[in-house]
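Heads up, the thing below is written out as structure tokens.
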Amino acid sequence: MSVLKNGVWVADDKLDNIDTIPTQITPENGRYHLYISLACPYAHRANLVVKYLGLTGISVSSVSPYKFDPWAFDENFPDPLFGVQNLYDIYLKHQADFSGRATVPVLWDKQAQQIASNTSFDLALDLAENWNALATNKYELVPLDERMEIIELNQWISDHINGKIYRVGYATEQANYDKLVAELFNDFAELDSRLANNRYLFGEEIRLSDFFLFPTLIRFEAVYSTLFKCSAKPLSDFSNLYRYMLDLYRIESIRETVDVAYTHTNYFYSFPQLNPSRVVPKLAKLEWQ
């Protein structure tokens with residue numbers, strides 16, 4: 001995977017030094033712009049918080065679904081701030097000799113002229129905890145008495161669901177694939193049991209953990225079950241988990257963060273290791289669309 005190395009875009013995924021960007025955000029309307037990809041489940045976390053809370057003071061835009069190597073902008077998905085061609089140009093505006101991956105999400109601080117956060121875990125948590133005073137919809141996504149449990153479950157979902165599904169998709173040996181896909185579906189079964197008597201992961205109210213799980217579930221039928229070879233069972237076999245996904249999707253502010261056609265195009269076009277031809281197959285309309 002290509003990276004920025006001392007400010008130069010190179011086909012080299014091994015770096016001696018990687019620059020990190022700490023999450024430093026001051027809640028303030030009009031100060032920030034959030035760059036995402038509508039396909040990326042990690043960027044989806046932050047966008048879900050922004051839309052669900054109604055953080056209208058944060059503007060949001062997506063990169064193009066057509067990704068050769070760097071995330072890029074195009075005429076349908078332009079960069080609204082600087083008019084640059086590639087997302088890595090935003091990183092170079094932050095630091096001219098930046099070394100590391102140019103990933104989404106990126107929260108750009110228009111006042112400080114730098115990236116305020118590019119870590120999806122920390123960014124989603126910061127927005128959920130610290131922006132309620134500026135929210136149109138004042139929901140408690142991280143109540144103080146549940147905070148540690150929510151963070152722990154967020155990490156579990158990141159490891160066992162969000163990340164593991166990629167490890168399944170990129171498995172190159174049969175034994176490793178068989179092990180990982182079995183683990184993944186066991187993890188789905190564990191979540192299905194958790195949701196047997198709960199509407200959401202923490203009961204009757206949506207919490208931040210729901211916005212870590214939902215992005216993977218909503219991509220499963222259109223992408224992961226086929227391209228990532230997660231076809232051992234249909235997601236609908238996990239009846240509680242499937243009901244939960246549909247329940248979240250019916251909420252307008254959540255539904256507007258989902259673009260199935262964009263996501264399907266991006267994955268099949270932009271993962272040449274899994275689809276070398278870049279031919280994007282026709283997508284049958286899903287029942288819940």
Side-chain angles (χ1 to χ4, degrees), residues 1 37-45 48 65-68 104 120 153-196 200-201 209-250 254-255 257-289:
M1 180 180 292
S37 163
L38 288 165
C40 176
Y42 295 95
H44 198 174
R45 298 168 174 176
L48 280 163
Y66 296 100
K67 178 176 180 286
F68 282 96
V104 289
S120 67
L153 185 55
N154 290 354
Q155 189 61 62
W156 186 91
I157 292 169
S158 294
D159 296 338
H160 289 256
I161 304 297
N162 308 143
K164 187 170 289 179
I165 212 158
Y166 277 77
R167 295 195 291 277
V168 170
Y170 277 91
T172 57
E173 296 179 358
Q174 188 68 49
N176 187 42
Y177 166 80
D178 290 341
K179 175 179 179 292
L180 288 170
V181 80
E183 289 176 356
L184 176 66
F185 281 90
N186 285 337
D187 293 334
F188 279 158
E190 183 175 336
L191 289 167
D192 193 65
S193 295
R194 181 182 181 122
L195 291 163
Y200 304 116
L201 290 172
S209 298
D210 297 301
F211 292 164
F212 276 60
L213 179 56
F214 177 77
T216 293
L217 300 182
I218 207 68
R219 287 161 174 76
F220 191 88
E221 292 170 293
V223 175
Y224 301 139
S225 64
T226 52
L227 184 64
F228 280 27
K229 300 183 288 292
C230 295
S231 51
K233 292 182 180 180
L235 190 62
S236 57
D237 272 14
F238 302 95
S239 58
N240 300 315
L241 195 62
Y242 202 68
R243 179 272 308 158
Y244 160 86
M245 179 191 77
L246 296 180
D247 193 11
L248 287 168
Y249 182 72
R250 291 188 187 102
I254 293 177
R255 187 169 61 251
T257 69
V258 176
D259 190 324
V260 176
Y262 175 112
T263 299
H264 180 257
T265 295
N266 171 261
Y267 272 92
F268 279 92
Y269 186 85
S270 304
F271 285 74
Q273 302 96 317
L274 304 181
N275 185 29
S277 70
R278 296 187 187 270
V279 172
V280 179
K282 295 294 185 183
L283 176 64
K285 191 173 181 63
L286 302 171
E287 283 188 25
W288 43 264
Q289 282 183 276

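Since this is a predicted model, take the numbers as computed values, not measurements.
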Is there a side-chain contact between [X] and [Y], using heavy atoms and a 4.5 Å cut-off?
{"X": "I165", "Y": "C230", "answer": "yes"}
{"X": "T257", "Y": "L38", "answer": "no"}
{"X": "L48", "Y": "F214", "answer": "yes"}
{"X": "R194", "Y": "L201", "answer": "yes"}
{"X": "Y224", "Y": "Y166", "answer": "yes"}
{"X": "Y262", "Y": "S37", "answer": "yes"}
{"X": "L248", "Y": "L213", "answer": "no"}
{"X": "S225", "Y": "L235", "answer": "no"}

Which salt bridge (Lys or Arg N to Asp or Glu O under 4.0 Å) pairs, counting each pair once, include a residue from residues 165-184, with sequence neighbours left out?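 Found K164-E183, K179-E183.
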
Is it the case that more than 12 heavy atoms not belonging to Y66 sit under 6.0 Å from its OH atom? no

Is a side-chain donor-acceptor pair under 3.5 Å present for H264 with R219? no

R45-S120 side chain donor-acceptor pair, cut-off 3.5 Å: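 Yes, because at least one side-chain N or O of R45 sits under 3.5 Å from a partner of the opposite role on S120.
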
Closest non-hydrogen atom pair between [X] and [Y], with its separation:
{"X": "D192", "Y": "S239", "answer": "OD1-N, 3.4 Å"}
{"X": "Q273", "Y": "Y170", "answer": "OE1-OH, 3.8 Å"}
{"X": "A39", "Y": "T263", "answer": "CA-OG1, 3.7 Å"}
{"X": "A222", "Y": "F268", "answer": "O-CE1, 3.9 Å"}
{"X": "I157", "Y": "S209", "answer": "CD1-O, 3.6 Å"}
{"X": "G169", "Y": "L274", "answer": "O-CD2, 3.2 Å"}

[X] side-chain N/O to [Y] backbone N/O, donor-acceptor pair under 3.5 Å:
{"X": "S270", "Y": "P65", "value": "yes"}
{"X": "D247", "Y": "R243", "value": "no"}
{"X": "N162", "Y": "F212", "value": "yes"}
{"X": "N275", "Y": "L227", "value": "no"}

[atom2] on [Y] to [atom1] on [X], rounded to 0.5 Å:
{"X": "H160", "Y": "S158", "atom1": "NE2", "atom2": "OG", "value": "10.0 Å"}
{"X": "T216", "Y": "H44", "atom1": "OG1", "atom2": "NE2", "value": "10.0 Å"}
{"X": "N240", "Y": "S193", "atom1": "CG", "atom2": "OG", "value": "7.5 Å"}

Just do the side-chain hydrogen bond (donor to acceptor under 3.5 Å, both in side chains) check on Q155 and D159 with the steps written out, would you? CA-CA 6 Å; Q155 189 61 62; D159 296 338; 3.1 Å; yes

With sequence neighbours left out, write down each residue that passes side chain to side chain contact (heavy atoms under 4.5 Å, CB included) with P276, or none if nothing qualifies. none

Measure centre to centre between the rings of [X] and [Y], then say whether the value is under 6.0 Å.
{"X": "Y242", "Y": "F238", "result": "no"}
{"X": "F188", "Y": "F185", "result": "yes"}
{"X": "F220", "Y": "F228", "result": "no"}

Taking side chain to side chain donor-acceptor pair (under 3.5 Å) as the cut-off, I'd like each qualifying pair that reaches into residues 280-289, sequence neighbours left out, listed once.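 Checked against side chain to side chain donor-acceptor pair (under 3.5 Å) - neighbours excluded - the pairs reaching residues 280-289 are E221-W288.
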
Plane angle bin for Y244 and Y200 - parallel if under 30°, tilted between 30 and 60°, otherwise perpendicular: perpendicular

